[in-house]
Asks: 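First the structure, then my questions, so here it is.
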Protein chains: 2
Amino acid sequence: MSEGAGRAKRADARRNEKALLDAAADVFVTSGVDAPVRDIAAKAGVGMGTIYRHFPTRADLIVAVYRHQVEALAEAGPHLLATSETPYAALAKWIDRFVDFLVTKHGLAAVLQSDDAGFQTLHAYFLDRLVPVCTELVEAAAGSGEIRSDIGALELMRGVGNLCVSPDNDKRYDPRRLVALLIAGLKKPGP
Amino acid sequence: MSEGAGRAKRADARRNEKALLDAAADVFVTSGVDAPVRDIAAKAGVGMGTIYRHFPTRADLIVAVYRHQVEALAEAGPHLLATSETPYAALAKWIDRFVDFLVTKHGLAAVLQSDDAGFQTLHAYFLDRLVPVCTELVEAAAGSGEIRSDIGALELMRGVGNLCVSPDNDKRYDPRRLVALLIAGLKKPGP
DNA sequence: TTGCTAAACGGAACACGGTTCCGTATCGTT
DNA sequence: AACGATACGGAACCGTGTTCCGTTTAGCAA
């Protein structure tokens with residue numbers, strides 16, 4: 001539903017979009033996802049107008065940069081479910097990968113939880129793509145009786161996302177450990 | 001170590017400080033703790049210079065506004081420990097109050113996790129005051145064998161704080177439920 | 001009361017980052 | 001070669017935080 005739709009793009013436009021994507025990816029790792037727009041434009045060697053034309057909001061840019069990885073994460077869900085001991089194990093592993101993704105992206109988790117109007121796109125994409133996957137895992141685990149069934153995938157992912165927001169490399173705060181606690185808390189109260 | 005220290009303050013200075021505190025408390029509830037500095041100054045009927053003289057950083061202002069409530073929370077710890085069934089129950093109740101405090105303060109949780117330089121004061125105060133209390137509760141619960149002992153009070157509080165960051169009134173995200181999960185996950189793996 | 005000085009005040013000016021707008025340059029086609 | 005559509009660049013604008021300094025005022029002493 002996207003390729004052959006409108007008019008063909010001009011060559012320079014395509015080139016600039018690529019340049020911006022590369023520059024953004026670069027800047028994101030060094031300065032975080034909330035780096036100044038000017039920096040990205042500068043690194044890509046384009047003007048301010050150009051960046052806004054290609055990516056009207058910062059969220060669009062972020063989505064574009066991380067689309068591949070989100071896609072991979074989404075696809076990992078069913079696979080994990082098929083190859084793991086139990087649905088709960090699959091869920092745990094998937095969440096683990098989710099955490100990996102978030103903690104390696106300086107500031108992504110923080111922006112993911114922002115309710116700022118401009119980030120609707122970001123929420124929409126990340127959640128639309130991942131929540132169904134997570135839902136499948138959660139329901140499977142609930143169905144097998146391993147976990148309580150009063151918690152939604154969205155809520156769970158938001159919680160995990162929140163736990164992943166951490167000041168840069170603070171040794172005393174390990175998101176993984178807390179997420180592990182949360183996931184452990186998911187289990188049905190033992191008999 | 002603060003009362004009789006320096007020179008006495010002028011009457012107008014005291015008055016303005018009070019006015020600022022009141023104005024800030026007001027503005028915080030309606031516009032959140034990250035409301036524009038100008039708004040607060042305006043509401044208090046003072047100039048920009050005045051607000052910065054009394055509260056060099058936003059954190060100072062926040063701390064001043066919520067000092068009472070933080071104090072109350074700190075004092076609640078020992079009391080809960082003394083009056084609850086078990087240390088774990090005390091811990092759970094205390095965390096509950098902590099959550100209450102955070103969720104009713106529009107944006108406080110978010111700012112509490114910021115690693116921005118200017119918020120060092122805020123971290124310092126909140127954590128210095130509450131971590132020891134929480135530590136007492138955690139250690140008591142660990143000592144009674146109810147919870148695992150590989151998690152620190154700081155980490156726990158940060159996790160809870162993070163979970164309390166939520167977009168305004170989103171029905172689908174309930175910090176309390178997730179915190180409950182986290183606290184449940186704290187319990188020793190059942191036999 | 002009056003005069004003096006340190007303390008405190010107010011708000012204009014500056015810094016910075018996001019966003020918009022429009023004159024100009026470029027692409028692709030005829 | 002010429003022309004229209006498309007895309008570009010970057011100056012200008014806006015909202016916020018922050019600083020600075022000329023002016024005002026409280027408190028005290030003569």
Side-chain angles (χ1 to χ4, degrees), chain A residues 5-24 27-28 30-64 106-107 110-111 114-122, chain B residues 5-24 27-28 30-64 106-107 110-111 114-122:
Chain A
R7 207 107 270 70
K9 265 200 217 156
R10 256 168 54 169
D12 54 350
R14 257 196 317 281
R15 224 174 330 149
N16 277 329
E17 183 165 330
K18 177 76 162 54
L20 276 169
L21 239 30
D22 291 350
V27 174
F28 283 175
T30 62
S31 312
V33 296
D34 43 10
V37 185
R38 279 171 176 79
D39 289 5
I40 301 170
K43 183 136 202 165
V46 307
M48 298 297 302
T50 301
I51 195 170
Y52 275 96
R53 195 166 318 104
H54 285 285
F55 306 100
T57 77
R58 178 191 299 283
D60 294 313
L61 188 50
I62 297 177
V63 167
H106 202 119
V111 101
S114 153
D115 60 340
D116 217 358
F119 291 103
Q120 282 312 108
T121 325
L122 200 159
Chain B
R7 204 110 269 69
K9 266 199 210 151
R10 254 168 55 168
D12 54 349
R14 256 196 318 281
R15 223 174 326 140
N16 278 329
E17 182 165 330
K18 176 76 163 52
L20 276 169
L21 239 29
D22 291 350
V27 173
F28 283 175
T30 62
S31 313
V33 295
D34 43 9
V37 185
R38 278 169 176 78
D39 289 4
I40 301 169
K43 184 138 201 164
V46 306
M48 297 298 303
T50 301
I51 194 169
Y52 274 95
R53 194 166 320 103
H54 286 284
F55 306 99
T57 76
R58 179 189 297 281
D60 294 313
L61 188 50
I62 296 177
V63 166
H106 203 119
V111 101
S114 153
D115 61 341
D116 218 358
F119 292 103
Q120 282 313 108
T121 325
L122 199 157

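The figures here come from the full heavy-atom set of this structure, side chains too, leaving out hydrogens, waters and symmetry mates.
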Asks: Establish, with yes or no, whether the OP1 or OP2 oxygen of C/dC9 is under 4.0 angstrom from a side-chain nitrogen or oxygen of B/His54.
Replies: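 Indeed, a polar side-chain atom of B/His54 lies that close.
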Asks: To the nearest angstrom, how far is A/Ile40 atom CD1 from C/dT19 atom C1'?
Replies: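 For the pair A/Ile40 CD1 and C/dT19 C1', the rounded distance is 14 Å.
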Asks: Quick one: on DNA chain C, does A/Arg58 or B/Arg38 contact a more 5' nucleotide (nearest heavy atom)?
Replies: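 Nearest nucleotide further toward 5': that of B/Arg38.
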Asks: Could you tell me how far apart A/Lys9 (NZ) and D/dT6 (P) are, to the nearest whole angstrom?
Replies: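 It is 13 Å, rounded to the nearest whole Å.
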Asks: Between atom CG in A/Asp60 and atom P in C/dG18, what is the gap in whole Å?
Replies: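 In whole Å, C/dG18 P lies 15 Å from A/Asp60 CG.
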Asks: Can you tell which of D/dG17, C/dG18, C/dG10 lies closest to the side chain of B/Val46?
Replies: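 For the B/Val46 side chain, the nearest candidate turns out to be C/dG10.
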Asks: Between B/Asn16 and C/dC9, is there a side-chain N or O to OP1/OP2 distance below 4.0 Å?
Replies: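 Result: yes.
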Asks: How many Å lie between CG on B/Asp39 and C1' on D/dG17, as a whole number?
Replies: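 Distance check: B/Asp39 CG to D/dG17 C1' gives 13 Å.
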Asks: Could you tell me the separation between the CZ atom of B/Phe119 and the C1' atom of D/dG17, rounded to a whole number of Å?
Replies: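 To the nearest whole Å, that distance equals 11 Å.
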Asks: On DNA chain D, does the nearest nucleotide to B/Arg14 precede the nearest nucleotide to A/Asp12 from the 5' side, or the other way round? Give the residue.
Replies: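 Checking each residue's closest nucleotide, the 5'-ward one belongs to A/Asp12.
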Asks: Please determine if a side-chain N or O atom of B/Thr50 lies less than 4.0 Å away from the OP1 or OP2 oxygen of C/dA8.
Replies: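 Looking at the OP1 and OP2 atoms of C/dA8, neither is under 4.0 Å from any side-chain N or O of B/Thr50.
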Asks: Side chain of A/Met48 only, heavy atoms from C-beta on: which candidate in D/dT19, C/dA8, D/dG10 is closest?
Replies: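 So the side chain of A/Met48 is nearest to D/dG10.
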Asks: Starting from the C-alpha separation in whole Å, work towards a yes-or-no answer on salt bridge (charged side-chain N to carboxylate O under 4.0 Å, His left out) for B/Lys43 and B/Asp39.
Replies: CA-CA 6 Å; B/Lys43 184 138 201 164; B/Asp39 289 4; over 6 Å; no
Asks: From the set D/dG10, C/dC9, D/dA26, return the single nucleotide nearest to any side-chain atom of B/Ala11.
Replies: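 My answer, after comparing the listed nucleotides, is D/dA26.
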Asks: How is A/Gly118 classified with respect to the nucleic acid when contacts are heavy atoms under 4.0 Å: base, sugar-phosphate, or nothing?
Replies: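 Since no nucleic acid heavy atom lies under 4.0 Å of A/Gly118, the category is nothing.
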Asks: Is it the case that C/dA8 (base atoms only) and B/Arg10 (side chain only) share a donor and an acceptor within less than 3.5 Å, ignoring hydrogens and angles?
Replies: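 Flag unset: no donor-acceptor pair detected.
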Asks: Please figure out whether A/Pro56 or B/Gly45 has its closest DNA chain C nucleotide nearer the 5' end.
Replies: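 Comparing both residues, the 5'-ward one is B/Gly45.
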Asks: Are B/Phe55 and B/Val63 close enough that some pair of their side-chain heavy atoms sits under 4.5 Å apart?
Replies: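 They are not in side-chain contact.
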Asks: Between A/Arg53 (CZ) and C/dC22 (P), how many Å, whole number?
Replies: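 It works out to 14 Å between those atoms.
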Asks: Contact between A/Thr57 and A/Leu122 at the side-chain level, heavy atoms closer than 4.5 Å - yes or no?
Replies: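 A/Thr57 vs A/Leu122: side chains apart.
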Asks: Is A/Ile40 close to A/Leu61 at the side-chain level, that is, under 4.5 Å between some pair of heavy atoms?
Replies: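 A side-chain contact exists here, since the closest heavy-atom pair is under 4.5 Å.
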Asks: Measure the distance from OH on B/Tyr52 to C1' on C/dA13 and round it to the nearest whole Å.
Replies: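 These atoms are roughly 14 Å apart.
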Asks: Distance check, rounded to the nearest 0.5 Å: B/His54 atom NE2 versus B/Arg14 atom CZ?
Replies: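 Atom-to-atom, B/His54:NE2 and B/Arg14:CZ are 11.0 Å apart.
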Asks: Please give, in whole Å, the distance from C/dG10 C1' to B/Leu20 CG?
Replies: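 Spelled out: CG on B/Leu20 to C1' on C/dG10 is 13 Å.
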